[in-house]
Each structure stands twice: as structure tokens, then as C-alpha cells.
Amino acid sequence: MQCRRHIAGLAFTAVFVVSYFTNKFILSVLKFTYPTLFQGWQTFIGSVLLLLSGKFGWVEMSRISRSAALSWLPGSLLFVGNIYAGSRALSLIDIPFFFTIQNSSHVVSYVLLKVVKREKTQWLKLISICFMLLSAINLPIHDPQFDHSGYLWAVGHLLCVACHLSGAYRVFQGHYTSSHLSDLEQHFINYLFSVLLLTIAAHPTGDLTGALEFPSLQAYSFHCGCCASALLGFLLLLATVKLKSGCSLEHFGVWILFSKITAMCLSPFLFHMDMKASSLICVVISHVGEALLVLSKRDSLL
């Protein structure tokens with residue numbers, strides 16, 4: 001059993017790292033910065049693969065009722081904001097800095113839960129939140145390649161992630177309930193909603209006309225990268241669901257942290273990065289804070 005968990009965790013890490021590197025290659029190296037098309041393509045392929053997997057019995061998916069689908073739409077809207085803003089931010093910010101800003105979503109989530117549920121404060125959790133908050137505040141100051149729009153999109157991304165982590169979207173669900181939807185069923189609704197919304201937004205945002213003038217539109221590397229990104233996104237979903245179902249919340253957090261550290265350590269070998277000692281300290285402190293947050297979850301269960 002322990003060996004299977006480690007295999008599932010290592011598989012998750014491998015897919016996580018390769019998926020981020022593939023997306024970074026398309027967004028920053030090839031400079032395909034048209035998120036309505038890029039994310040629309042990924043979610044379209046993901047929805048098709050998920051539907052086929054359910055039809056062939058490779059994954060468990062029940063028939064989704066209309067009321068359940070409607071109740072999950074606030075979560076789907078956050079999902080669209082998450083992937084759109086995340087794509088914009090990742091195209092402009094290096095991977096270690098992107099993860100550092102992303103970590104501050106735990107700060108926003110903590111504040112929201114504190115206000116709504118008035119949870120009892122754990123000192124270890126409070127220290128971890130402070131570490132992540134201070135790192136996120138100081139990072140833009142010490143980033144030698146600071147991009148104003150990139151960090152603004154990163155803030156939008158972290159707010160969507162924080163609302164999902166805290167469950168803030170549930171206040172808009174009314175009398176419907178989506179509690180019986182599995183993770184895969186929720187993602188299937190997310191994919192369908194994303195395809196619809198991003199397709200509608202492709203022309204007004206100028207992404208459609210811009211993509212037609214994209215210099216690498218006929219390049220083999222671009223075609224392979226897009227196909228790989230869509231497939232890897234789907235595999236990452238399956239690996240995430242598999243890992244979450246076979247381990248505790250604490251261990252899942254450990255694998256997330258391990259995957260991020262692996263991606264950050266390998267990214268300088270594949271992508272050009274300009275990092276000062278002060279910005280590196282911000283990255284390190286932020287992920288020390290994330291490690292303390294994982295430990296605080298373990299202590300809360302004891």
C-alpha cells in the first residue's frame with residue numbers, strides 16, 4: 001500500500017513538472033499569449049478525453065443532473081478565472097516566482113475562513129501565513145525582471161485559487177447542492193463551461209485575430225507542444241484525483257510541495273532566468289512557509 005502511494009506521488013510529480021514546463025515553453029518561449037485559445041484548447045481536449053474515459057469505464061462518472069451542474073457554475077467561473085489569469089501570469093513570470101505568488105492564496109484563504117468560520121488560530125499556521133505573505137509582498141521589489149501586468153494577473157490567479165480553497169463560491173449556490181459531485185464530475189463541468197466561455201471571449205479579446213498572425217502557427221514544435229499540453233493537463237487531473245483518493249490531506253500537501261520544489265530546481269536548466277539573492281530568499285521563505293502549513297495540518301489532526 002505504501003509503495004503504491006509513493007508510485008502515485010512520483011507519477012503526480014512527473015506529470016506536474018512536465019505539464020508546467022510544456023505550458024511555460026508555449027507561453028514564454030514560443031510566446032503564444034492567447035489564453036482564450038490556449039486554455040480553450042486544453043479544456044476542450046480534457047472534456048473529450050474525460051467523456052471517453054467515462055464511456056469506456058476507465059474512470060467513474062455518473063450522469064450529472066441539471067440542478068447539480070447549475071449549482072457548480074460558481075466553482076466553474078472561478079476555474080475559468082484561475083486558468084486564464086494563471087496563463088497570463090505564467091507567460092510573464094518565471095516559474096519559481098509564479099509559485100511564490102501562488103502560495104499567497106493560502107493567506108487570502110486563511111483570512112476568508114477566519115472571518116466566516118472564526119477558526120481557532122494555530123501558531124504554526126500563523127507563522128507559515130506570515131512567511132508566505134511577506135515573501136509575496138517583497139518579491140516584486142526584488143524581481144530583476146519585474147513585469148507589472150504579470151504580477152497583476154498573478155494576483156487575479158491567486159484570488160481565484162483562494163476562493164476555491166476557502167469554498168467562498170458556495171455562498172452563491174443557493175438552494176442547490178453539488179456535494180455529491182465527484183472531483184472528475186466537477187472538472188467535467190469546469191471543462192465544458194470553460195470551452196463555452198473562452199470560445200465566446202476569443203474574438204472580443206483579440207486572441208482569434210492575433211493567433212492567425214502568430215509566427216510559429218505552422219511550426220512543428222508549436223503543434224507538438226499544444227498536443228502535449230492538452231494531454232498532460234488531462235493526465236495531471238487523473239494523477240491528482242488518484243493521489244488525493246489514496247492519501248491524507250497532509251501527504252497530498254507534501255507531494256504538492258515536492259512537485260513545486262522539483263519544478264523550481266529544474267526550471268533554470270530549461271528557461272532563461274534572472275534571479276538575485278534577495279529574490280531567491282523570497283522564494284525559499286515562501287516555500288518554508290508552505291512546509292510549515294503542511295505541518296500545521298498534521299498537528300491539527302493529532
Donor-acceptor list for residues 41-53 side chains, cut-off 3.5 Å, not counting sequence neighbours:
from	atom 1	to	atom 2	distance (Å)
Trp41	NE1	Cys226	O	2.9
Gln42	NE2	Asn23	OD1	3.0
Gln42	NE2	Ser229	OG	3.3
Thr43	OG1	Gln39	O	2.8
Thr43	OG1	Gly40	O	3.1
Ser47	OG	Thr43	O	3.2
Ser47	OG	Phe44	O	2.7
Ser53	OG	Leu49	O	2.7

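- Leu77 and Leu196 fall into different hydrophobic clusters, defined by Ile, Leu, Val, Met, Phe, Trp and Tyr side-chain heavy atoms under 4.5 Å apart, directly or through other members.
- Atom CZ of Phe16 sits in a crowded spot, with more than 12 heavy atoms from other residues, nucleotides or ligands closer than 6.0 Å.
- Listed here is the closest heavy atom pair of Ala136 and Pro140: O-CD, 3.1 Å.
- Between the Thr13 side chain and the Gly9 main chain, a donor and an acceptor come within less than 3.5 Å of each other.
- Aromatic rings of Tyr191 and Phe193 (six-membered ring for Trp) have centroids beyond the 6.0 Å cut-off, not under it.
- In the hydrophobic clustering of this structure, Ile129 groups with Trp123; members are Ile, Leu, Val, Met, Phe, Trp, Tyr whose side-chain heavy atoms approach within less than 4.5 Å, directly or through other members.
- Considering all non-hydrogen atoms of both residues, Ala201 and Pro204 come closest at O-CD, 3.4 Å.
- At a threshold of 4.5 Å between side-chain heavy atoms, the hydrophobic network of Ile, Leu, Val, Met, Phe, Trp and Tyr places Leu198 and Ile200 in two separate groups.
- With sequence neighbours excluded, no residue satisfies salt bridge (charged side-chain N to carboxylate O under 4.0 Å, His left out) with Asp147.
- The two residues Ser87 and Pro35 come nearest to each other via the heavy atoms OG-CB, 3.8 Å.
- Although no hydrogens or angles enter the test, the distance criterion places a donor-acceptor pair under 3.5 Å between the side chain of Asn138 and the main chain of Leu134.
- Linking ILVMFWY residues whenever their side-chain heavy atoms come closer than 4.5 Å, directly or via other members, leaves Leu139 and Leu152 in distinct clusters.
- Using bins of under 30°, 30° to 60° and over 60° for the plane-to-plane angle, the ring pair His148/Phe146 lands in the perpendicular bin.
- Note that the OG atom of Ser279 and the CE atom of Met275 stand 5.0 Å from one another [nearest 0.5 Å].
- Distance check, rounded to the nearest 0.5 Å: CG of Leu159 to CG of Leu112 gives 9.0 Å.
- Atom CZ in Phe79 sits 5.5 Å away from atom NE2 in His187 (nearest 0.5 Å).
- Each of Val284, Ile285, Val283 was evaluated against His287; a single residue qualifies, Val283, per the side chain to side chain contact (heavy atoms under 4.5 Å, CB included) test.
- In this structure, the separation between CG on Leu293 and CG on Leu126 is 11.5 Å, given to the nearest 0.5 Å.
- The closest donor-acceptor contact from the side chain of Ser105 to the backbone of Val161 lies at 3.5 Å or more, if one exists at all.
- Taking the side-chain contact (heavy atoms from CB on, under 4.5 Å) definition, one finds that Leu243 meets it with Ala8, Phe12, Cys247, Phe252, Trp255, sequence neighbours left out.
- For Ser194, the side chain to side chain donor-acceptor pair (under 3.5 Å) criterion is met by no residue, not counting sequence neighbours.
- Between Leu27 and Thr33, the shortest heavy-atom contact is O-CG2, 3.7 Å.
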Expected list for residues 93-103: side-chain donor-acceptor pairs under 3.5 angstrom, two or more places apart:
from	atom 1	to	atom 2	distance (Å)
Thr100	OG1	Pro96	O	2.8
Gln102	NE2	His157	NE2	3.0
Asn103	OD1	Lys260	NZ	2.8
Asn103	ND2	Ser286	OG	3.1
Asn103	ND2	Glu290	OE1	3.2

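- Remark: the backbone N or O of Val107 is not paired with any side-chain donor or acceptor of Ser104 at under 3.5 angstrom.
- For Tyr84, the side chain to side chain donor-acceptor pair (under 3.5 Å) partners two or more places apart in sequence, or in a different chain, are Arg88.
- The shortest side-chain heavy-atom distance between Cys227 and Leu231 does not fall under the 4.5 Å cut-off.
- Inter-residue side-chain proximity for Leu90 and Trp153 is flagged as unmet; no heavy-atom pair is nearer than 4.5 Å.
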Side-chain donor-acceptor contacts of residues 208-223 below 3.5 Å, not counting sequence neighbours, with atom names and distances?
from	atom 1	to	atom 2	distance (Å)
Thr209	OG1	Gly206	O	3.1
His223	NE2	Leu217	O	2.8

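- For Ser278, the side chain to side chain donor-acceptor pair (under 3.5 Å) partners two or more places apart in sequence, or in a different chain, are His142.
- No hydrogens or angles considered: a donor-acceptor pair under 3.5 Å links the side chains of Asn190 and Ser76.
- You'll find the ring centres of Phe271 and Phe25 outside the 6.0 Å limit.
- Legend: residues meeting ring-ring contact (aromatic ring centres under 6.0 Å, His included) with Phe234, ordered by chain and number and at least two apart, are absent.
- Note that CG of Leu133 is 13.0 Å distant from NE2 of His106, once rounded to the nearest 0.5 Å.
- Asp274 places no side-chain N or O within 3.5 Å of a backbone atom of Gln145 that could act as its donor or acceptor partner.
- Between His164 and Asn82, every side-chain heavy-atom pair lies at or beyond the 4.5 Å cut-off.
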Only pairs under 3.5 Å count here: list side-chain donor-acceptor contacts from residues 59-66, not counting sequence neighbours, and write none if there are none.
from	atom 1	to	atom 2	distance (Å)
Ser65	OG	Ser67	OG	3.4
Ser65	OG	Ala68	N	3.2

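- Smallest separation of non-hydrogen atoms from Ala85 and Gly156: CB-C, 4.0 Å.
- One finds the CD1 atom of Ile256 at 9.0 Å from the NZ atom of Lys244 (value rounded to the nearest 0.5 Å).
- Note on Phe56: it clusters hydrophobically with Leu184, by side-chain heavy-atom contacts below 4.5 Å among ILVMFWY residues.
- Residues that satisfy the salt bridge (charged side-chain N to carboxylate O under 4.0 Å, His left out) test with Lys31, not counting sequence neighbours, are absent from this structure.
- Ser19 meets the side chain to side chain donor-acceptor pair (under 3.5 Å) test with no other residue; sequence neighbours excluded.
- Looking only at atom types and distance, the side chain of His251 has a donor-acceptor partner in the side chain of Ser248 under 3.5 Å away.
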